[in-house]
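Throughout, a chain's letter reflects where its sequence line sits, starting with A, and its residues are numbered from 1. All values below were derived from every heavy atom in this structure, side-chain atoms included, with hydrogens, water molecules and symmetry-related copies excluded.
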Amino acid sequence: MEYNFSEIEKKWQQYWKVNKTYKTVEDAAKPKFYVLDMFPYPSGAGLHVGHPLGYIASDIYSRYKRLRGFNVLHPMGYDAFGLPAEQYAIQTGQHPRVTTDANIARYRRQLDKIGFSFDWDREVKTCESEYYKWTQKTFIDLYNHYYNTAEQKAKPVTELVAAFEKNGNAGINAACGNPEVKFTAAEWKAMDEKAQHQTLMEHRLAYQKDGMVNWCPQLGTVLANDEVANGLSIRGGYPVERKLMRQWYLRITAYADRMLEGLDRIDWSESLKETQRNWIGRSTGANVRFKLQDSLGDLEIFTTRADTMFGATFMVIAPEHPVLSQVQLDKEVEDYVSWAKNRSERERQSEVKNVTGKFTGLYAKNPFTEKQIPVWVSEYVLAGYGTGAIMAVPAHDSRDYAFAKHFGLEIIPLIKGCDVSNESFDAKEGEMVNSGFLNGMQVKDAIKAAIGKVEELGIGTAKVNFRLRDAAFSRQRYWGEPFPVYYKDDMPHMLPPDKLPLELPSVDKYLPTEAGDPPLGRATDWKYEGKYGYELSTMPGFAGSSAYFLRYMDPHSDKCLVDKKKNEYWRNVDLYIGGTEHATGHLMYARFWNMFLFDIGEICESEPFQKLINQGMIQGRSNFVYRVVGTDKFVSLGLKSQYETQEIHVDVNIVSNDILDLDKFKASRPEYANAEFILKDGKYVCGWAVEKMSKSYYNVVNPDDVVSRYGADTLRLYEMFLGPLEMSKPWDTNGIDGVHRFLRKLWRLCHDAQNNFSVSNDKATPQELKSLHKIIKKVQEDIEAFSFNTAVSGFMICVNELTELKCNKREVLEPLAILIAPFVPHIAEELWESLGQKASICNAKFPEFNPAMLVESSFEYPVSFNGKLRYKKEMPLGLSKEEVRQRVMQDENTAKFLEGKPLKNFVYVPGKIVNIVC
RNA sequence: GCCCGGGUGGCGGAAUUGGUAGACGCGCUGGUCUCAAACACCAGUGAUAGCAAUAUCGUAUCGGUUCGAUUCCGAUCCCGGGCACCA
């Protein structure tokens, strides 16, 4: 039988399904291993060839671990809530669930064709209420907890209430939205219900507040910071405005330090960790109060450079700063402030280099120099960071420098020998001058000394600031998890747990109501106990993806998110594979969410993803044809310079190795029906370029097409062969034949000329065993290093060697089939069965590597002198260094090359080289 | 501006971490098979010189350490990514 991949693949996919080969159960006798893919959002476009890259890699690793005796958890599911299905619903009136289900079914069909070893009995869909019940439950838990900064742990709000009743908030260690507010136990008790409610809200890990949010009018919803880039929404690219709205937030900032520290204990790429560190943006410094004139009180600033206080010649506050409303401003200043406030994020960002600002008329006293310095207002100081005010040190901060130069303000250099005539000296190094008690110190020491002095004077404290903001958690959308929240007396209340899940109600349209409420406002009779209105916004996309990996451990429980025992068995994800685009979104929120669940004792590990690999993106490789302008003639790439041409994208599916299929091209569109071609050597060669894989570039390659033409095994192998997993690379079909050829060679290795299965039971020769053991070692090492491309190369070399040796010995082919099974499971199963094996190859045992098999009787060693190659020599293997030395010294060539000089050193690399240093 | 990656044939990419650079695959050239083409198979393929054996050069550039450097160190240039009026 010829290698008939479609029949073989159909047969084994059926076999795996019927026999539940990939069903996983907890088994204390075996070590566990949890391999996870980032679950997909089932989009309407279906899978393209780039999507399975990570899935193939994780599948290979899962199958490998399984062969090594691990109990492997390798599940799959769908991140099924989201905007596209809802946008489609708005246009068509189709319920998002209908589209989502259809897309999921399509994804499943596509995934099944590739032969993954997922345990589909554990499938999780975030839009199912059996799952989002637990998302809602966790939200309630977040609401009912605060963050204890002394214990670095989430604690019940009830403890906080008890403490308030006893001592007010004195001595409370809690992450809090308004830490400056102080109250006594008596004051607490005197508060009415609403005031107490407000106070607790400032502490809860899930809380509601009026805040500036990223409002996207086109999408009709609020977005989180990670969903916005350069003032545009990531999805859709629509403009985003700042807007004051009452929203739910998660107090992720309370976990900033732990999230930072946790990075040191997990095995992620350095660049990804760096991205998260940047996003958290921890900076240490001090808050310092500058005394304002008259009785205006203090102006508090944050600085990381307390050492430069002596050079603070003016101050700058944000246009939103509260002090501006306390004083009568000049008309001119007033105008500037309102102009600056009304500028959009985009406008501000696009004109970063333009210096604008006004003198407020206020003065503050520099506590170190005792001088009165002017207070300016400028939009370059942001209200949302630090205290919204800075002390400006033009000599040592480039932004302050630009401002001072523009407005002619004083610049005092503070570091010995620095030149500030043309630019500021921003580096944190050198010796202090012009700085009173700090003179002579190095910058590092001066920072500490200055902060010490500030604290001593009682004008400020050491302070850590974060760039990270609390996460906006409300979306004014329909297709998401409903909040388990109802309103009574205008205050939010959590549903009792036994009322969960709160199901998503039906609505007539997926648009906001006339009153401007989110779509859920259209649901009729949707009230708690028939009278209390529910929260009308829904949760964002990251809510559902923050705990799905826990749910896979125990997907069907109606008692809890995950059973304690099962969680203790599977613990956390050992290997997580997914795209780098989730670096500051999903991967931040999931870590936060998981740490919280850990704190409240729901789970046993605080970091969810031990090792993480970012697979690179597969880009599209577009093809072009060149139409001679104004004609129906198309000219081949090499000849196009002789004509005036127009470059046109052509569907890559009618191009093979850059050669255009002329008939298919003519048939592809009516306007090409009469196309004429100017050929080169009888062929039409297309141009090409690497672009994003997208419908509009006609470069989308569907894995189904590759599978039907070459088979799933070829697709799997080729995706791995393309290059290192983590690298982005274009999908280039040009090499796929080579990989397919390899599989045919493998097939031929155990079939005779008549294509009958034929293996010999003879003993393998040392050479054959050497080939085998070389590949055992290589596959093992490469898989463990996630170097799948070199592993595939290894197989090719091995099969070439065995073909040359005409080796069809069972002793070699059986282990080889197991080795290759993780990569190409279908053909491996087929060979395994032909070899007379009854059980699936998935349950086989990984062959044992024996180093002794690599030893041969002799090698040809190059001998070199002073690193320069001089001659080659036959040398037996397994000699000691001394024996090698004797052999080399006895050689007549050696004496000739040594030229009477003494032997200085002797380098011997077994199997490689003998090097004589004279 | 700050912080991470990375520069190797015509192309995708290897190199046991300091030991014969260019594995493996694509492409290209030649050959076998075929009436012919496709498929398949075999051989060659970094550059320069040479019929050849071979020689010289060669891993972005310059310099250093070493018997020996793609690998380590210093400087420079270029590409990719993250953060960014964050004080």
**Message:** According to side-chain contact (heavy atoms from CB on, under 4.5 Å), who are the partners of Ala364(A), at least two apart in sequence or on a separate chain?
**Reply:** Phe290(A), Leu292(A), Met315(A), Val375(A)
Listed pairs, N/O of protein and of nucleotides 38-42 of chain B, under 3.5 Å:
| unit_1 | atom_1 | unit_2 | atom_2 | d |
| --- | --- | --- | --- | --- |
| rA40(B) | OP1 | Arg741(A) | NE | 3.0 |

**Prompt:** Taking only residues two or more places apart in sequence, or in another chain, which ones meet Tyr710(A) in a ring pair (Phe, Tyr, Trp, His ring centres under 6.0 Å)?
**Reply:** His740(A)
**Complete:** In whole angstroms, the gap separating C1' of rA87(B) from CG of Leu299(A) amounts to 13 Å
Short heteroatom pairs, N/O only, protein and nucleotides 14-16 of chain B, under 3.5 Å:
| unit_1 | atom_1 | unit_2 | atom_2 | d |
| --- | --- | --- | --- | --- |
| rA14(B) | OP1 | Asn789(A) | ND2 | 3.2 |
| rU16(B) | O4 | Lys912(A) | NZ | 2.7 |

**Asked** For Phe721(A), which residues count as a ring pair (Phe, Tyr, Trp, His ring centres under 6.0 Å) partner, sequence neighbours excluded?
**Response** none
**Asked** Rounding to a whole Å, what distance do you find between Arg469(A):CZ and rC83(B):P?
**Response** 16 Å
**Prompt:** Mind checking what makes ring pair (Phe, Tyr, Trp, His ring centres under 6.0 Å) contact with Tyr336(A), not counting sequence neighbours?
**Reply:** Trp339(A)
**Leu272(A) CG - rC83(B) C1' separation (whole Å)** = 14 Å
At a cut-off of 3.5 Å, list every protein nitrogen or oxygen paired with a nitrogen or oxygen from nucleotides 6-11 of chain B, distance to 0.1 Å.
none

**Request:** Only counting residues at least two apart or in another chain, list the ones meeting ring pair (Phe, Tyr, Trp, His ring centres under 6.0 Å) with Tyr401(A).
**Result:** none
**Asked** Got a sec, which residues hit side-chain contact (heavy atoms from CB on, under 4.5 Å) with Arg467(A), two or more places apart in sequence or on another chain?
**Response** Trp279(A)
**Prompt:** With sequence neighbours excluded, what pairs up with Gln276(A) under the side-chain contact (heavy atoms from CB on, under 4.5 Å) test?
**Reply:** Leu263(A), Trp268(A), Leu587(A), Met588(A), Arg591(A)
**Message:** Can you tell me which nucleotide in rC4(B), rC24(B), rG82(B) comes closest to the side chain of Asn278(A)?
**Reply:** rG82(B)
**Asked** Over how many whole Å does the gap from Leu414(A) atom CG to rA87(B) atom C1' extend?
**Response** 15 Å
**Message:** When you compare the side chains of Thr253(A) and Asp470(A), does any donor N or O come within less than 3.5 Å of an acceptor on the partner?
**Reply:** yes
**Message:** Without decimals, in angstroms, what is the distance between Met796(A) CE and rG25(B) C1'?
**Reply:** 6 Å
**Request:** Please list, chain by chain and in numerical order, all residues satisfying side-chain hydrogen bond (donor to acceptor under 3.5 Å, both in side chains) with Asn278(A), sequence neighbours excluded.
**Result:** none
**Asked** Rounded to whole angstrom units, what separation is found between the CD atom of Gln276(A) and the P atom of rG81(B)?
**Response** 19 Å
**Message:** Could you check whether Thr387(A) and Glu300(A), counting side-chain N and O atoms only, form a donor-acceptor pair closer than 3.5 Å?
**Reply:** no
**Under the 3.5 Å Watson-Crick or G-U criterion, the dot-bracket string of RNA chain B, with | for inter-strand pairs** = (((((((..(((......[....)))((((((.......))))))((((....))))..(((((..]....))))))))))))....
